[in-house]
Amino acid sequence: MEVPGPVLDAARSAHRVVVVTGAGMSAESGVPTFRDAQTGLWARYAAEDLATPEAWERDPAFVWAWYFSRFGSLAAVEPNAGHRAVATWAEVAGAESVAVVTQNVDDLHERAGSPDVVHLHGSLASFRCSRCDTAYEGRVDVPDAGDAQPERLDPPVCVECGGLVRPGVVWFGELLPLDAWERAVAVVESADLVLVVGTSGLVHPAAGLPVIGRGAGATVVEVNPRETDTSDVAHHVWRATAAVALPALVQALARTG
Ligand code: APR
(Lines give C-alpha, C1' and ligand atoms only; values in the text may rest on other atoms or scores of the structure.)
Protein backbone atom coordinates (compact mmCIF):
# COMPACT_ATOMS: atom_id res chain seq x y z
CA MET A 1 0.00 0.00 0.00
CA GLU A 2 1.25 3.45 -0.84
CA VAL A 3 1.77 5.78 2.11
CA PRO A 4 0.24 9.25 1.58
CA GLY A 5 3.10 11.76 1.10
CA PRO A 6 2.13 14.15 3.94
CA VAL A 7 1.83 11.19 6.35
CA LEU A 8 5.27 9.88 5.41
CA ASP A 9 6.79 13.37 5.72
CA ALA A 10 5.28 13.87 9.17
CA ALA A 11 6.47 10.43 10.31
CA ARG A 12 9.93 10.87 8.86
CA SER A 13 10.55 14.10 10.78
CA ALA A 14 9.04 12.80 14.05
CA HIS A 15 11.39 11.94 16.94
CA ARG A 16 8.72 11.36 19.60
CA VAL A 17 5.74 9.39 18.30
CA VAL A 18 2.57 8.50 20.21
CA VAL A 19 0.18 5.93 18.79
CA VAL A 20 -3.31 6.29 20.29
CA THR A 21 -5.28 3.12 19.58
CA GLY A 22 -8.83 1.84 19.85
CA ALA A 23 -10.68 -1.36 19.09
CA GLY A 24 -10.03 -1.08 15.35
CA MET A 25 -6.34 -1.74 16.07
CA SER A 26 -7.21 -5.29 17.12
CA ALA A 27 -10.01 -5.90 14.62
CA GLU A 28 -7.73 -7.71 12.15
CA SER A 29 -6.64 -9.99 14.99
CA GLY A 30 -10.24 -11.12 15.30
CA VAL A 31 -11.14 -9.05 18.37
CA PRO A 32 -14.57 -7.45 17.82
CA THR A 33 -14.80 -3.67 18.01
CA PHE A 34 -17.55 -2.02 20.04
CA ARG A 35 -19.54 0.05 17.59
CA ASP A 36 -19.08 -1.44 14.16
CA ALA A 37 -22.54 -2.30 12.86
CA GLN A 38 -23.60 -5.90 13.46
CA THR A 39 -20.15 -7.12 14.53
CA GLY A 40 -19.53 -4.57 17.31
CA LEU A 41 -19.99 -5.74 20.90
CA TRP A 42 -22.46 -2.94 21.63
CA ALA A 43 -24.43 -3.96 18.54
CA ARG A 44 -24.85 -7.40 20.10
CA TYR A 45 -24.95 -6.66 23.84
CA ALA A 46 -26.36 -3.84 25.93
CA ALA A 47 -23.46 -1.85 27.41
CA GLU A 48 -25.64 -0.80 30.34
CA ASP A 49 -26.14 -4.50 31.25
CA LEU A 50 -22.46 -5.34 31.14
CA ALA A 51 -20.07 -2.38 31.38
CA THR A 52 -21.36 -0.22 34.25
CA PRO A 53 -20.96 -0.40 38.06
CA GLU A 54 -24.76 -0.61 38.24
CA ALA A 55 -24.78 -3.73 36.03
CA TRP A 56 -22.20 -5.29 38.36
CA GLU A 57 -24.30 -4.45 41.44
CA ARG A 58 -27.37 -5.90 39.76
CA ASP A 59 -25.90 -9.17 38.48
CA PRO A 60 -22.16 -9.78 39.11
CA ALA A 61 -22.33 -13.39 37.83
CA PHE A 62 -23.71 -12.23 34.46
CA VAL A 63 -21.05 -9.52 34.11
CA TRP A 64 -18.24 -11.80 35.27
CA ALA A 65 -19.24 -14.53 32.79
CA TRP A 66 -19.09 -12.07 29.90
CA TYR A 67 -15.70 -10.64 30.75
CA PHE A 68 -14.44 -14.12 31.53
CA SER A 69 -15.34 -15.30 28.03
CA ARG A 70 -13.63 -12.23 26.53
CA PHE A 71 -10.57 -12.96 28.70
CA GLY A 72 -10.65 -16.51 27.39
CA SER A 73 -10.84 -15.43 23.76
CA LEU A 74 -7.60 -13.46 24.20
CA ALA A 75 -5.70 -16.74 24.20
CA ALA A 76 -7.10 -17.53 20.76
CA VAL A 77 -5.93 -14.31 19.04
CA GLU A 78 -2.52 -12.98 18.03
CA PRO A 79 -1.08 -9.50 17.49
CA ASN A 80 -1.51 -8.44 13.84
CA ALA A 81 0.98 -6.80 11.47
CA GLY A 82 -0.15 -3.40 12.75
CA HIS A 83 0.76 -4.21 16.36
CA ARG A 84 4.11 -5.59 15.20
CA ALA A 85 4.87 -2.50 13.08
CA VAL A 86 4.25 -0.20 16.04
CA ALA A 87 6.47 -2.38 18.25
CA THR A 88 9.40 -2.23 15.78
CA TRP A 89 8.96 1.40 14.64
CA ALA A 90 11.59 2.96 16.94
CA GLU A 91 14.25 0.39 16.08
CA VAL A 92 13.48 0.02 12.35
CA ALA A 93 12.76 3.66 11.53
CA GLY A 94 14.94 5.36 14.12
CA ALA A 95 12.38 7.34 16.12
CA GLU A 96 13.58 8.43 19.57
CA SER A 97 10.46 7.00 21.20
CA VAL A 98 7.22 5.32 20.14
CA ALA A 99 4.73 5.24 23.02
CA VAL A 100 1.37 3.50 22.83
CA VAL A 101 -1.72 4.90 24.56
CA THR A 102 -4.56 2.43 24.19
CA GLN A 103 -8.23 2.22 25.07
CA ASN A 104 -8.03 -1.52 24.42
CA VAL A 105 -8.20 -3.99 27.29
CA ASP A 106 -6.41 -6.73 25.34
CA ASP A 107 -2.65 -7.36 25.67
CA LEU A 108 -1.82 -7.48 21.97
CA HIS A 109 0.48 -4.42 21.96
CA GLU A 110 2.58 -5.96 24.73
CA ARG A 111 2.55 -9.38 23.05
CA ALA A 112 3.81 -7.71 19.86
CA GLY A 113 6.73 -6.31 21.89
CA SER A 114 5.76 -2.68 22.48
CA PRO A 115 7.80 -1.66 25.54
CA ASP A 116 5.73 1.38 26.57
CA VAL A 117 1.96 0.82 26.63
CA VAL A 118 -0.48 2.95 28.65
CA HIS A 119 -3.87 1.28 29.22
CA LEU A 120 -6.50 3.99 29.73
CA HIS A 121 -9.41 1.57 30.16
CA GLY A 122 -7.65 -1.13 32.15
CA SER A 123 -6.97 -4.71 31.16
CA LEU A 124 -8.97 -7.92 30.72
CA ALA A 125 -6.08 -9.83 32.27
CA SER A 126 -6.08 -8.02 35.61
CA PHE A 127 -8.60 -8.45 38.42
CA ARG A 128 -9.28 -6.71 41.73
CA CYS A 129 -11.69 -6.76 44.64
CA SER A 130 -14.82 -4.71 43.99
CA ARG A 131 -15.02 -3.87 47.72
CA CYS A 132 -11.44 -3.25 48.98
CA ASP A 133 -9.67 -2.81 45.61
CA THR A 134 -7.01 -5.38 46.47
CA ALA A 135 -5.45 -6.82 43.32
CA TYR A 136 -6.53 -10.42 42.87
CA GLU A 137 -3.59 -12.74 42.19
CA GLY A 138 -5.60 -15.93 42.58
CA ARG A 139 -6.11 -18.47 39.80
CA VAL A 140 -8.49 -17.48 36.99
CA ASP A 141 -8.45 -20.50 34.70
CA VAL A 142 -8.79 -19.56 31.03
CA PRO A 143 -11.94 -21.23 29.68
CA ASP A 144 -11.26 -23.67 26.83
CA ALA A 145 -12.18 -22.04 23.52
CA GLY A 146 -14.51 -24.98 22.74
CA ASP A 147 -16.31 -24.80 26.08
CA ALA A 148 -19.86 -23.46 26.01
CA GLN A 149 -19.77 -19.97 27.55
CA PRO A 150 -21.96 -19.98 30.66
CA GLU A 151 -24.37 -17.02 30.86
CA ARG A 152 -23.61 -16.71 34.58
CA LEU A 153 -20.44 -17.53 36.46
CA ASP A 154 -19.69 -16.72 40.11
CA PRO A 155 -16.74 -14.35 40.39
CA PRO A 156 -13.87 -15.34 42.69
CA VAL A 157 -13.83 -13.99 46.25
CA CYS A 158 -11.26 -11.55 47.61
CA VAL A 159 -8.77 -13.18 49.98
CA GLU A 160 -8.55 -9.96 52.05
CA CYS A 161 -12.18 -9.00 52.64
CA GLY A 162 -14.37 -11.65 51.05
CA GLY A 163 -15.73 -9.16 48.51
CA LEU A 164 -16.42 -10.16 44.89
CA VAL A 165 -13.50 -9.91 42.46
CA ARG A 166 -14.21 -7.82 39.37
CA PRO A 167 -12.48 -7.44 35.97
CA GLY A 168 -9.71 -4.76 35.97
CA VAL A 169 -11.41 -2.73 33.22
CA VAL A 170 -12.86 0.81 33.39
CA TRP A 171 -16.64 0.80 33.14
CA PHE A 172 -18.84 3.60 31.81
CA GLY A 173 -19.24 6.24 34.53
CA GLU A 174 -15.95 5.29 36.22
CA LEU A 175 -12.81 7.43 36.36
CA LEU A 176 -9.74 6.42 34.39
CA PRO A 177 -6.70 5.29 36.40
CA LEU A 178 -5.09 8.65 37.28
CA ASP A 179 -1.50 7.52 36.67
CA ALA A 180 -2.41 6.19 33.22
CA TRP A 181 -4.24 9.40 32.27
CA GLU A 182 -1.44 11.65 33.49
CA ARG A 183 1.12 9.60 31.57
CA ALA A 184 -1.02 9.69 28.43
CA VAL A 185 -1.33 13.49 28.57
CA ALA A 186 2.42 13.85 29.25
CA VAL A 187 3.51 11.78 26.25
CA VAL A 188 0.94 13.38 23.92
CA GLU A 189 1.97 16.90 25.00
CA SER A 190 5.62 16.19 24.14
CA ALA A 191 4.97 14.30 20.91
CA ASP A 192 5.93 15.39 17.38
CA LEU A 193 3.44 12.97 15.86
CA VAL A 194 0.17 11.61 17.28
CA LEU A 195 -1.11 8.70 15.19
CA VAL A 196 -4.75 7.90 16.01
CA VAL A 197 -5.57 4.33 14.95
CA GLY A 198 -8.88 2.49 15.01
CA THR A 199 -10.98 4.57 17.37
CA SER A 200 -14.38 6.18 16.78
CA GLY A 201 -13.34 9.11 19.00
CA LEU A 202 -16.67 8.92 20.82
CA VAL A 203 -15.48 8.08 24.35
CA HIS A 204 -13.97 10.79 26.53
CA PRO A 205 -11.57 11.68 28.00
CA ALA A 206 -9.51 9.42 25.65
CA ALA A 207 -11.09 11.10 22.61
CA GLY A 208 -9.62 14.43 23.80
CA LEU A 209 -5.99 13.29 23.44
CA PRO A 210 -5.65 14.19 19.73
CA VAL A 211 -6.90 17.71 20.54
CA ILE A 212 -4.35 17.99 23.38
CA GLY A 213 -1.60 16.78 21.04
CA ARG A 214 -2.55 19.18 18.26
CA GLY A 215 -2.75 22.03 20.78
CA ALA A 216 0.78 21.21 21.94
CA GLY A 217 2.12 21.38 18.37
CA ALA A 218 2.08 17.73 17.32
CA THR A 219 1.00 16.63 13.84
CA VAL A 220 -2.13 14.47 14.18
CA VAL A 221 -2.74 11.66 11.68
CA GLU A 222 -5.83 9.43 11.70
CA VAL A 223 -5.69 5.86 10.38
CA ASN A 224 -9.24 4.52 10.05
CA PRO A 225 -11.24 3.13 7.13
CA ARG A 226 -14.16 5.34 8.16
CA GLU A 227 -14.75 8.96 9.16
CA THR A 228 -14.83 9.53 12.93
CA ASP A 229 -15.26 12.28 15.48
CA THR A 230 -11.46 12.69 15.37
CA SER A 231 -11.23 13.23 11.60
CA ASP A 232 -11.66 17.01 11.87
CA VAL A 233 -8.92 17.27 14.50
CA ALA A 234 -6.41 15.42 12.33
CA HIS A 235 -4.01 17.23 9.97
CA HIS A 236 -4.08 14.15 7.73
CA VAL A 237 -6.52 11.24 7.45
CA TRP A 238 -5.57 7.88 5.95
CA ARG A 239 -8.57 5.73 5.08
CA ALA A 240 -6.95 2.37 5.61
CA THR A 241 -6.87 -0.46 8.14
CA ALA A 242 -4.30 -0.77 10.93
CA ALA A 243 -2.73 -4.07 9.81
CA VAL A 244 -2.20 -2.75 6.26
CA ALA A 245 -1.31 0.92 6.83
CA LEU A 246 1.09 0.66 9.79
CA PRO A 247 3.47 -1.95 8.26
CA ALA A 248 3.46 0.06 5.00
CA LEU A 249 4.40 3.21 6.92
CA VAL A 250 7.20 1.61 8.96
CA GLN A 251 8.62 -0.16 5.89
CA ALA A 252 8.58 3.12 3.94
CA LEU A 253 10.38 4.85 6.83
CA ALA A 254 12.96 2.04 6.98
CA ARG A 255 13.53 2.28 3.21
CA THR A 256 13.84 6.02 2.97
CA GLY A 257 15.33 6.64 6.47
N1 APR B 1 -8.28 -0.79 11.24
C2 APR B 1 -8.45 0.49 11.68
N3 APR B 1 -9.64 0.96 12.18
C4 APR B 1 -10.69 0.10 12.17
C5 APR B 1 -10.59 -1.23 11.70
C6 APR B 1 -9.31 -1.66 11.22
N7 APR B 1 -9.13 -2.90 10.78
N8 APR B 1 -11.82 -1.83 11.84
C9 APR B 1 -12.64 -0.89 12.38
N10 APR B 1 -11.96 0.27 12.57
C11 APR B 1 -12.45 1.52 13.18
C12 APR B 1 -13.92 1.80 13.00
O13 APR B 1 -14.16 2.53 11.80
C14 APR B 1 -14.23 2.65 14.23
O15 APR B 1 -14.01 4.03 13.97
O16 APR B 1 -12.25 1.38 14.57
C17 APR B 1 -13.20 2.17 15.26
C18 APR B 1 -13.76 1.34 16.41
O19 APR B 1 -14.58 2.19 17.17
P20 APR B 1 -15.29 1.64 18.51
O21 APR B 1 -15.87 0.32 18.25
O22 APR B 1 -16.16 2.74 18.98
O23 APR B 1 -14.07 1.41 19.51
P24 APR B 1 -13.27 2.45 20.40
O25 APR B 1 -13.18 3.78 19.74
O26 APR B 1 -12.01 1.82 20.80
O27 APR B 1 -14.23 2.56 21.69
C28 APR B 1 -13.82 3.36 22.75
O29 APR B 1 -15.64 2.62 24.09
O30 APR B 1 -16.93 0.83 24.55
C31 APR B 1 -15.97 1.64 25.06
O32 APR B 1 -14.31 1.19 26.68
C33 APR B 1 -14.71 0.86 25.39
O34 APR B 1 -12.41 1.42 24.91
C35 APR B 1 -13.70 1.39 24.38
C36 APR B 1 -14.24 2.78 24.07
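As the structure lists them, so they are numbered: ligands from 1, and atoms in each ligand from 1.
Side chains of Q103 and T21: a donor-acceptor N/O pair is absent below 3.5 angstrom, by distance only. Residues H83 and S114 have side chains that never bring a donor and an acceptor to within less than 3.5 angstrom of each other.
In this structure, the side-chain hydrogen bond (donor to acceptor under 3.5 Å, both in side chains) partners of E174, at least two apart in sequence or on a different chain, are R166.
If you look at ligand 1, the protein residues with a non-hydrogen atom under 4.0 Å away are G22, A23, G24, A27, E28, T33, F34, R35, D36, W42, Q103, H121, F172, G198, T199, S200, V203, N224, P225, R226, T228, T241, A242.
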Going by atom type alone, with no hydrogens or angles, which donor-acceptor pairs under 3.5 Å involve a side-chain atom of residues 86-94 and a protein atom two or more places apart or on another chain?
residue	atom	partner	partner atom	Å
T88	OG1	R84	O	3.1
T88	OG1	A85	O	3.1

Distance-only donor-acceptor pairs under 3.5 Å for side chains of residues 231-238, two or more places apart:
residue	atom	partner	partner atom	Å
S231	OG	E222	OE1	2.7
S231	OG	T228	N	2.8
S231	OG	T228	O	3.2
S231	OG	R239	NH2	3.1
H235	ND1	V220	N	2.9

- Task: Assess whether salt bridge (Lys or Arg N to Asp or Glu O under 4.0 Å) is satisfied between D36 and R226, documenting all intermediate values.
- Result: CA-CA 10 Å; D36 281 319; R226 282 178 284 281; 2.8 Å; yes
